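The structure displayed is predicted, hence computed values, not measured ones. All residue numbers in this chain count up from 1 along the given sequence. Both counts, for ligands and for their atoms, begin at 1 and track the order of listing. FYI, side chains are in, hydrogens and waters are out, and symmetry mates aren't considered; it's all heavy atoms of this structure.
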Amino acid sequence: MQRTKPSSLRAFLALDLDDDALDVLSAHLRRLRAMPWANAVRWVSADNLHLTLRFLGDIAPAQAERYIGALRRGLTQVADLPGLSLRVSGPRLFPRSSHPRVIACLAESNATLTALADLAEACATGIGLAAEKRPFNGHITLGRLRDPPPQGAVLPKEEEGTLMRPTAITLYKSELSPRGAIYTALHTFSLRSQL
Ligand code: 2AM
């Protein structure tokens, strides 16, 4: 089921995570999927785990090109990118435990992450998109709640946060299908090599 207009693509910019981080997140997923209430959640496939910097929605291919160009220029101004590391919590109900939408691991804010989110936003308005109204809250979604969480649903005991080292920033195309979203990388900026 493709809902975008033929001339547009549904896109978002995200941080890709290192293998150790993906192992930790996959272990959370396995544990959560064994919970008695697990069917109340649409779980994210382990291959699709990411931290969104900016959801762009439906944009034209030319806008995607302009977005990539603006990012390329802006990324050279972001300090400490190759050393970017994030302290990420265990699974939590997000955005509010009283009215959750997803189960996600939350990234503690730091100067580099904030600079990246600000850049992603500035580039989005620069290609003509409306400004994002919600404040940026870095999180890695593990599952989306189909219904409110069942009474008594508790998440596994919270652990100390884990340090994660994102490997890249990728602009993804997202295609919706009954079997879940299919993400295709349109452009990747590695954080490990020269940008
Ligand atoms: P979420 O995980 O909190 O749902 C691809 O859908 C990515 O873009 C997801 O990480 C999703 O965040 C994020 N996103 C942000 N706003 C969105 C929106 N309005 N519709 C779909 N995805 C959105």
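Of the protein's non-hydrogen atoms, Thr52 OG1, 3.3 Å is the one closest to atom 7 (C) of ligand 1. The protein atom (non-hydrogen) at minimum distance from atom 15 (C) of ligand 1 is Phe55 CB, 3.3 Å.
Taking a cut-off of under 4.0 Å to the non-hydrogen atoms of Tyr183, the atoms of ligand 1 that pass are 5 (C). In the vicinity of Thr141, heavy-atom distances shorter than 4.0 Å reach the ligand 1 atoms 1 (P), 2 (O), 3 (O).
Side chains of Tyr172 and Asp16: a donor on one and an acceptor on the other come within 3.5 Å.
For the residues Arg10, His50, Arg101, the heavy atom positioned nearest atom 4 (O) of ligand 1 is part of Arg101. Which of Arg144, His139, Arg54, Glu132 comes nearest to atom 3 (O) of ligand 1 through a heavy atom is settled by distance: it is His139.
Leu13 has its side chain out of reach of Leu116: every pair of non-hydrogen atoms, C-beta onward, lies at least 4.5 Å apart.
Among Thr52, Asp47, Asn48, the single residue meeting the side chain to side chain donor-acceptor pair (under 3.5 Å) criterion with His50 is Thr52.
Of all the heavy atoms of Arg134, the ones lying under 4.0 Å from any atom of ligand 1 belong exclusively to the side chain.
With a 6.0 Å radius and a threshold of 12 heavy atoms from other residues, nucleotides or ligands, Asp23 has its CG atom above the threshold. By the neighbour-count criterion of 12 heavy atoms within 6.0 Å, atom CZ of Arg179 is sparsely surrounded, having that number or fewer from other residues, nucleotides or ligands.
Side-chain heavy atoms closer than 4.5 Å link hydrophobic residues (I, L, V, M, F, W, Y) into clusters, and following such links, even through other members, never connects Phe94 to Leu15.
Ligand 1 has no atom lying under 4.0 Å from any heavy atom of Tyr172.
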